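Worth knowing before you read on, the calculation uses all heavy atoms, side chains too, and leaves out hydrogens, waters and symmetry mates. Chain A is the first sequence line, chain B the second, and so forth, proteins listed ahead of strands; every chain is numbered from 1. For clarity, every value in this text was computed on a predicted model and none was experimentally measured.
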Amino acid sequence: MEDGLMLDIQQLRNNLPEVQKRLAFRGYTLDVLAFEKLDSSRRRVQLETEELQAKRNALARQIGQLKAKGEDVSYSMAEVGGLAERLDALEIELKDIQKQMQDFMLTVPNLPHESVPAGCSEADNIEIRRVGEPRIFEFAVQDHVFLGEGLSQIDFASSAKLSGSRFVVLKSQIAKLHRALAQFMLDIHTAEHGYTELYVPYLVNSDSMRGTGQLPKFAEDLFFAPEDNLYLIPTAEVPVTNMLRDEIIPQDLLPLKYVAHTPCFRREAGAAGRDTRGMIRQHQFDKVELVQFVHPEQSYEALEELLKNAESILQRLELPYRVMALCTGDMGFSAAKTYDIEVWLPAQGAYREISSCSNFESFQARRMQARLRNSRGKPELLHTLNGSALAVGRTLVAILENYQNEDGSISIPAVLYRYMGGLKKITQV
RNA sequence: GGAGAGGUGCCGGAGUGGUCGAACGGGCUUGACUCGAAAUCAAGUGUACGGUUACCUGUACCGUGGGUUCGAAUCCCACCCUCUCCGCCA
């Protein structure tokens with residue numbers, strides 16, 4: 001009758017104080033009173049509506065039987081007629097309450113997993129590990145913009161002319177390196193980590209955006225084509241995860257592991273003035289995304305695996321990085337637990353996010369009605385996870401900066417030689 | 001984009017106003033037969049939400065959304081999708 005909600009509404013009914021407490025950890029105040037009020041009126045109206053519907057159905061059946069026997073139906077007709085007005089009103093009221101309840105539930109974020117550190121901002125995130133030593137440069141390091149423009153292979157003047165700010169034109173060997181990175185990542189995940197490659201639509205409908213939680217809350221972050229009622233995907237998570245929307249799959253098919261390379265489109269509406277220089281924050285960027293559908297009991301193991309899969313790309317590229325466990329206050333709306341991977345950018349002298357790996361538990365699955373058939377033969381919500389592995393544009397930036405040479409050329413990581421036709425260094429062309 | 005056909009349960013496929021949550025066939029599950037299997041026979045086999053939560057029971061759902069009716073899978077309207085032919089095109 002109504003779309004899947006986000007948190008389990010039963011859990012709210014039965015355990016409201018507990019839910020409120022856990023949401024408070026991530027800085028969300030659950031309006032308990034509003035919920036209770038809404039739910040009690042829902043109960044009252046739903047009961048009365050269904051009672052009247054049952055009565056109407058019984059009378060309608062009776063009329064059919066009487067007519068078949070050629071008997072008089074005027075009494076039953078009159079009786080059912082008396083129900084109509086009240087029933088109409090109730091059905092409208094019920095629909096309205098259900099809409100309100102859904103709107104309410106859609107704005108409630110996921111419950112953080114117990115292992116998530118408490119905190120209210122980025123500053124409270126916890127560093128899990130650091131891998132690789134930042135290189136010590138014997139010359140003044142340059143950022144990727146300086147390097148790329150110096151090599152005449154990154155062209156912001158052209159992209160600004162074509163599209164405006166937060167876009168880029170890549171040329172020649174840097175364009176090829178960008179392509180090489182995506183190929184390399186796909187090859188590793190399919191050949192070594194057991195993911196199935198998918199090619200997916202970059203434009204999706206609003207049901208899909210709702211399924212993964214981009215809508216209704218984050219509409220202002222999306223590019224939208226109103227003529228066709230389609231949205232440009234902000235991540236491959238959207239089309240890939242929605243593959244299982246409204247599906248019930250046999251549990252022995254799990255886990256399902258997919259990888260997709262897509263462009264991602266984001267309006268970056270809330271990011272005015274941030275990272276305006278260079279390729280760090282763009283309206284369009286490429287990403288290789290991992291998505292897993294798993295049995296609920298396996299989702300935290302799967303999260304560790306997915307994280308390792310993403311890390312392995314950085315290790316093979318020999319880029320220094322660290323893994324952060326996001327605190328309750330810094331996690332995304334839909335996540336129960338999130339690790340960020342941050343890569344070292346020498347020109348910024350800082351670690352910057354290059355991947356985000358999350359377990360959504362049943363949060364997305366409930367919205368999408370993505371289920372497995374359990375050993376008792378009953379449908380049960382499955383768990384979804386995803387993570388970037390990696391953001392291609394930011395990986396490119398990391399390589400340009402970490403592999404720069406004093407003469408402005410860029411060495412190429414050894415694992416990419418074969419993707420670059422044997423080229424070992426990017427130079428002026 | 002134009003013309004036509006069609007969208008029903010896990011699959012195939014009936015159903016054109018009442019007793020249809022849906023015939024029939026297949027599949028699947030369980031039981032019987034069997035040393036076991038096949039074949040055969042019998043029973044069962046949708047989802048969501050709600051009430052009670054042991055059993056049980058109510059409502060809704062036959063592409064989606066509206067409408068007509070006491071009553072709609074069945075009639076009307078709009079939209080979406082699929083197939084065939086034509087046109088166009090990477």
Length of the line joining A:E91:CD and B:rA60:P, which is rounded to integer Å
8 Å
Mind checking the P distance from B:rA73 to B:rG67? Whole angstroms is fine.
15 Å
A:R373 vs B:rU47: side-chain N/O to OP1/OP2 distance below 4.0 Å:
yes
So CG of A:N110 and NZ of A:K337: to nearest 0.5 Å the spacing works out to 13.5 Å
Canonical and wobble pairing (Watson-Crick, G-U, under 3.5 Å) of RNA chain B, dot-bracket with |:
((((((((.[[[..)..(.....]]]((((((.......))))))((((((....)))))).[[[[[..)....]]]]])))))))....
CG-CD distance between A:N15 and A:Q11, expressed to the nearest 0.5 angstrom
6.5 Å
Does A:R43 have a side-chain nitrogen or oxygen under 4.0 Å from the phosphate oxygens OP1 or OP2 of B:rG51?
yes
Considering heavy-atom distances to RNA chain B, does A:V80 or A:E51 have its closest nucleotide positioned more toward the 5' end?
A:E51
Using whole Å, what does the distance between atom P of nucleotide B:rG50 and atom CD of A:Q53 come to?
15 Å
Given the P atoms of B:rU68 and B:rC11, what is the spacing between them in whole Å?
33 Å
Separation of A:D246 atom CG from B:rC10 atom P, in whole Å?
12 Å
Measuring only the C1' atom in each nucleotide, how far is B:rA3 from B:rA72? A whole number of Å is fine.
30 Å
Does A:H193 have any ring-ring contact (aromatic ring centres under 6.0 Å, His included) partners at least two apart in sequence or in another chain, and if so, which?
A:H189
By the 4.0 Å heavy-atom rule, please label A:Q10 as base, sugar-phosphate, or nothing.
sugar-phosphate
Look at all strands and tell whether A:R376 reaches a base, only sugar-phosphate, or nothing, counting heavy atoms closer than 4.0 Å.
nothing
If we take the C1' atom in both B:rG4 and B:rA60, what is their distance in whole Å?
35 Å
On RNA chain B, more 5' by nearest nucleotide between A:A54 and A:L59 is A:A54
Taking atom P of B:rC70 as reference, at what distance in whole Å does atom CG of A:L66 sit?
16 Å
Taking atom C1' in both B:rG51 and B:rA32, what distance in whole Å separates the two?
39 Å
So if I apply the salt bridge (charged side-chain N to carboxylate O under 4.0 Å, His left out) rule between A:D275 and each of A:R281, A:R166, A:R394, which one comes out positive?
A:R281
Nearest-0.5 Å distance that lies between atom OG1 in A:T328 and atom CG in A:L111
12.0 Å
State the OG1-CE distance between A:T107 and A:M105, to the nearest 0.5 angstrom.
9.0 Å
Remember a base hit wins even if backbone is also touched, and classify A:K95 as base, sugar-phosphate or nothing at under 4.0 Å, heavy atoms.
sugar-phosphate
Could you tell me the separation between the CD atom of A:E79 and the P atom of B:rC70, rounded to a whole number of Å?
15 Å
Taking 4.0 Å as the cut-off, does a side-chain nitrogen or oxygen of A:R371 come that near to OP1 or OP2 on B:rG46?
no
At less than 4.0 Å, is any side-chain N or O atom of A:R56 found next to OP1 or OP2 of B:rA60? Yes or no.
yes
Here the gap from A:N359 atom CG to A:E304 atom CD, rounded to the nearest 0.5 Å, amounts to 10.0 Å
Output yes when at least one side-chain N/O atom of A:N57 is less than 4.0 Å from OP1 or OP2 of B:rU59, else no.
yes
Please report the distance, rounded to the nearest Å, between CG in A:D39 and P in B:rG50.
8 Å
Output the distance between atom OG (A:S41) and atom CD (A:Q100), rounded to the nearest 0.5 Å.
7.5 Å
Verdict with supporting geometry, A:M279 and A:F156, side chain to side chain contact (heavy atoms under 4.5 Å, CB included):
CA-CA 9 Å; A:M279 286 181 65; A:F156 284 108; 3.8 Å; yes
When you get a sec, tell me which of B:rG58, B:rG51, B:rA48 is the closest nucleotide to the side chain of A:Q369?
B:rA48
For B:rU82 versus B:rG25, give the span between their C1' atoms, rounded off to a whole number of Å.
24 Å
Value in whole Å for how far the P atom of B:rA48 lies from CD of A:Q102
16 Å
Suppose you measure atom C1' in B:rG71 against the same atom in B:rC20; what distance do you get, rounded to whole Å?
13 Å
Span that lies between the P atom of B:rU74 and that of B:rG66, in whole angstrom:
14 Å
Rounded to the nearest angstrom, tell me the gap between atom CD1 in A:I97 and atom P in B:rG50.
14 Å
